[in-house]
Amino acid sequence: MSNQHQYEVVIVGGGGAGLMAALYASRGAKTAVLSKLYPTRSHTGAAQGGIGAALGNQEEDNTGWHTFDTVKGSDYLGDQDAIEFMCQEAIPVVYELEHMGLPFSRAADGRIAQRRFGGHTNNDTKQPVLRSCYAADRTGHMILQTLYQQCIKNEVTFYDEFQVLDLLVVNGSSAGVVAVELATGELHTFHAKSVIFATGGHGRVWEVTSNAYAYTGDGVAITLRKGIPAEDMEFFQFHPTGIFKLGILITEGVRGEGGVLLNNDGERFMERYAPTVKDLASRDVVSRSMYLEVRDGRGINGKNYMNLDVRPETVNKYAESDGRVLPDGTPYRVTGDDILEKLPDIIDFCRTYLGVDPLEQMMPVQPTAHYAMGGIPTNMAGEVLVDDKNTVMPGLYAAGEVACVSVHGANRLGTNSLLDLVVFGKQAGLRAAEFAQGSDFVSLPGDAESYTHQQIDQFMNGSGKEETADLAKEMKSIMMEHVGVFRTEEGMTQAREKIAELKERFKDVGLEDKGKVFNTEMLDAWELGCLLDVAEVTAVSAVARKESRGAHAREDFPKRDDDNWMKHTLAWMRDGKVDLGYKPVSVTKFEPQERVY
Amino acid sequence: MNTQKVKTSKNIEATAWRFMRLSGILLIPLAWFHVLLQDVVVGVHEIDIDYVAVRLANVGWQIFDILLLTFAFAHGMNGLRQVVNDFVHTEKGQRRMAWLLLVIWLIVSAIGAVAVIAGARPELA
Amino acid sequence: MTPILTSLRTTLTGYLRYRGREGHYSFLMHRLTGLGTLLFLIIHILDTATVYFFPSLYEHAIALYQSTPFMLGEIGLVFAVIYHGVNGLRISVLDLRLPEKWTIATQRGGVRMTFILSTLMWLPAAGVMMYNMLQHNYGMFGG
Amino acid sequence: MQVTLRIFRYNPEIGRTKPTFDSYNLEVEPTDRILDLMEEVKAYHDGTLSFRRSCAHGVCGSDAMRINGSNKLACKVLVQDVSSPITLEPLLGLRVIKDLIVDMEPFMESYRSILPYMVNDDIPEDGKERLQSPEERARFDDTTKCILCAACTTSCPSFWSNGEYVGPAAIVNAHRFIFDSRDKAASERLEILNQRKGVWACRTAFNCTEACPREIHVTQAIAEVKRAVFSGSLE
Ligand SMILES: Cc1cc2nc3c(=O)[nH]c(=O)nc-3n(C[C@H](O)[C@H](O)[C@H](O)COP(=O)(O)OP(=O)(O)OC[C@H]3O[C@@H](n4cnc5c(N)ncnc54)[C@H](O)[C@@H]3O)c2cc1C
Ligand code: HEM
Ligand code: SF4
Ligand code: F3S
Ligand code: FES
């Protein structure tokens, strides 16, 4: 094998989580970052609204409230010890980002500016609180850029456009990864003491999604294939405001700045579903409300979308009727310029893709598949857990959207993902380096690349009876229809069967491109394989959970059932079939209550 | 607003950049007036060696022509050097071309300057 | 291909085939008019210098200038000098005084204005030169 | 509606070393993105077609290419914005690897050369944020938007002629730090850019500004850097 590399820590993924891990790991160990995209093209760059931290810069706030809001947002499925840790770490980590040079938007006194976001409240008054630290509507972009810049400064080693296809596990420990170099098609083996997965999410399972083409669940699929379970996969967040049909995200920040959702009657329907925080209820609640409005015939022009209105006159009208005031007590009023300044990119998206100017017209929006609450099970240190006893796999770590700590439980609050990335990315990096210092390389088997070769050969020699694109379409549409915002036993079962069928047909996928250099056709096929595995695990986990909780809303079991279902799902792929298991939720301070907004 | 002061050295390239702009502005009266006068007001058909002789006998015109010669030619040759640098990339190649252009510049300038200062020699005609 | 040829090819492809906006064409014209004027200037310095070095040749030189092709070229040269000057002034002012005005709106408008202004300034001059040429070389207008 | 897509093809691996164009006739919606058309071609007409893409909404910078002759992001141009036949070619001035994919390394190298990171190790004693007024923050807001798509650099005549030129993207990213009131390495960055292959190679051709999908005032940023070299002030 010619392309052999040895690093103490290998990080798979150059998004926010991967880069944060890289910064910390590289301080203590010889580290390399492998990424299928140039790091700055990772999906973290698409995040708009902000990163949550109870800095209390503009009004009273504290970590306790942030913790409670997150627990409540998670519909009590989040692990409370981890949530508390994350919310405490939030404050120093946001300052750390500032010290790294992140250009946060600023308040008049020069401190980091904060805005409102769904589900974040002042626990006393129950009113939305200014907690999201932001850089206009490109917070993720700035986090990604800043972390990448710091990595350059610290001379982190990057392997850009290297796609990892396999994790090497030797005697129950992780020993490295196998990756294909896109530019040459050559396989490379990276021998490592610690491997950190930070590959992001898998929204491409669904038809309408805010997620990038690259969001194909590689990390979860690769680990599933190595006998590692996936946790809470039935919980996938549908963000209420995706651009109609395209799915491109319109940040919750729009509603944070005072935008409102209107139905076909021009009614601000969220007043009925969440009387206190209205449009700023948590995402599952808003998405579900929209779905119900459509079902009851109040979709715009009879179609399945709602209008999002952020025109200054509308904002001012509702701000007045809500009695919204600025921290200094003056009434909240905006002008078109204020909106433009705070949400420039959103306005640009609407102008480009819809020909709609949000300052003058309403935006057509529908729920869009957005964020994976589930993923590779980890603990607070980023260590990957392989069973219901929380046994750690030595040398394997995961962080970011691919991981399930779980801090988001059944539903993630806006701004908590960016927080999750940096907090747990850092933990994973620190621990991986620490582990590497205290251990030796596990020797690799001679045929380390054989499974990868086998996967590639399957496509190269495939019969070509099936088209990758067709299978992908069928998967996306059935998942959208039946494993989306609202679910039923019957629909989910149908989806599960369909996915099984698609997996069978997937064996007949072939390639036109037999080359090695940038064979993106092969990679698309491989990624579809990942998506199908992820979709299957999602559907199976979902059918089994007979309750409604957070993002998992069932018409046949509309209530949350804490007696039977206050537990995390674990799903294993064994011999072509999905096995389920469960493990308890960590409850420390907050006993489950009913969730009203 | 960043109130920090920064230190930078002014190298040839920076100076050349500034020179192109300042000399360009100066060339507007010089070059335009010259062209306007010779080509439009007087017209090439009125120009002969006597005209030139008379003109170059005037100190004012001599100064004007020397200025024009100096700035227009320096400006133009530096412009040419920049264009050449777009196509010659090695440090060595660029230096050689710069020297070559400098030599051409000196020779042609010298020829022009002699003519302007010494004036016409119609007696030889 | 040697790197220099590759870059030459890329450059020419770009100059000719890149669909830029006003700025692209403004850049090309500035470069072309600058180089053209320089070429003319060199020739002009040398031919004028004949008044000192080879006065006998001067008459030949000036005769050449008075020929129709040369006069047409001269008319073009006047445009080049005017355009290059106006455009150079625009660039200089923006660079030296108003860097914040390098925006799409001012650029597009500025380039157009430069072109219109140059043409307006050139037309009368071109008219007079044309008149002179027709008069002297073709005996028109009672020449 | 019907459109014709003409795509530049190049793949030395199978002996396609002479760049040629393949044409495809497609039935499309006026509001489709060019990227959607490319996906369609790849899925149903020619699986060997290669290009980069990820976010599909103009924020990751993967799919910059020449569309009908000028640099754009394929995911940010709709069919209705261009006329058929729609010609797609790779970025100019970077080596083509396959079809629409070019070698980004020289571009990233230039980016790295301008110290693209905050230099300032002083942090407030309370461990909190460094203060920065909204005005100070606004001073460099425009240049923080860069997504390193290379549309600007590869539209620049100076870059076509000489790949050594650091290019507008690198200058934009230097600007982002030079004018950040918190940064302390403005002098070093200005020194790096104060070279023949730095800002002085810019001939204000302005293609960069027109090409930037993030609508950054690129030429303006370059002009501000040039001025800073002379004035020694970052106002
Ligand atoms: C439109 C949008 C807006 C959002 N807004 C917000 C917000 O306002 N606040 C908030 O908190 N969260 C937000 N989120 C969520 C948040 O941005 C993401 O969850 C988060 O950025 C994920 O980061 P990550 O580091 O885990 O993954 P990413 O940043 O996506 O990085 C994944 C990395 O893994 C690499 N990779 C993947 N597979 C492989 C492989 N097989 N081999 C090698 N490399 C691989 C990729 O190249 C990439 O570098 C938003 C998400 C979206 C889509
Ligand atoms: C009339 C007044 C003139 C003005 C205001 C002017 C201005 C300028 C400026 C500002 C530049 C720099 C362009 C850049 O770096 O981007 C320039 C370039 C140049 N000028 Fe002039 N100029 C004038 C006259 C001339 C004359 C008379 C000549 C010929 C001798 C000339 C030849 C050139 C050349 C060759 C270049 C380089 C072009 C390039 O780099 O593309 N200019 N001019
Ligand atoms: S400045 Fe604009 S065009 Fe240039 S790389 Fe950045 S985003 Fe792309
Ligand atoms: S296109 Fe090039 S020449 Fe300057 S203004 Fe832009 S960098
Ligand atoms: S795919 Fe991300 S910018 Fe076009």
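Atom set for the values below is all heavy atoms of this structure, side chains included, hydrogens, waters and symmetry mates excluded. Note on naming: letters A, B, ... go to the chains in the order of the sequence lines (proteins, then strands), and numbering restarts at 1 for each one. Computed from a prediction, not measured in an experiment: that's the story for all the values here.
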Short question: side chain of [X], backbone of [Y] - any donor-acceptor pair under 3.5 Å?
X: A/Glu98; Y: D/Arg130; answer: yes
X: D/Arg182; Y: A/Leu102; answer: yes
X: A/Arg106; Y: D/Leu131; answer: no
X: A/Glu467; Y: D/Tyr44; answer: no
X: A/His141; Y: D/Thr144; answer: yes
X: D/Glu13; Y: A/Gly515; answer: no

If you take all heavy atoms of [X] and [Y], which pair is closest and at what distance?
X: A/Lys153; Y: D/Val119; value: NZ-CA, 4.3 Å
X: A/Glu521; Y: D/Gly47; value: CB-O, 3.3 Å
X: A/His99; Y: D/Met118; value: O-CG, 4.3 Å
X: D/Phe140; Y: A/Pro103; value: CE1-CB, 3.6 Å

Heavy-atom pair count under 4.5 Å with chain A, highest-scoring of [options]:
options: D/Ala43, D/Cys60, D/Pro12; value: D/Cys60
options: D/Glu215, D/Gln80, D/Glu39, D/Glu105; value: D/Glu39
options: D/Ile97, D/Val59, D/Ile101; value: D/Ile101

Check your understanding: Tell me, side chain or backbone of A/Glu161 under 4.5 Å from chain D's heavy atoms, or both, or neither?
Key -> side chain
Revision key, fill the gap. Okay, A/Arg111 and chain D: the region with an atom under 4.5 Å from a heavy atom over there is both
Review point. Centres of the D/His57 and A/Phe349 rings: under 6.0 Å?
Key: yes
Exercise for review: Given salt bridge (charged side-chain N to carboxylate O under 4.0 Å, His left out), test D/Lys76 with A/Asp345 step by step and report yes or no.
Suggested key: CA-CA 13 Å; D/Lys76 249 195 134 175; A/Asp345 281 9; over 6 Å; no
Heavy-atom distances under 4.5 Å only: say whether [X] touches chain A with side chain, backbone, both or neither.
X: D/Phe51; value: backbone
X: D/Leu49; value: backbone
X: D/Asp121; value: side chain
X: D/Met108; value: side chain
X: D/Leu148; value: both

Point to revise | N-O pairing of D/Lys42 and A/Asp513 below 4.0 Å | key: no
Check your understanding: Among A/Val517, A/Leu523, A/Thr520, which one satisfies side chain to side chain contact (heavy atoms under 4.5 Å, CB included) with D/Ser50?
Key -> A/Thr520
Review point. Would A/Gln149 and D/Asn173 count as having a side-chain donor-acceptor pair, cut-off 3.5 Å?
Key: no
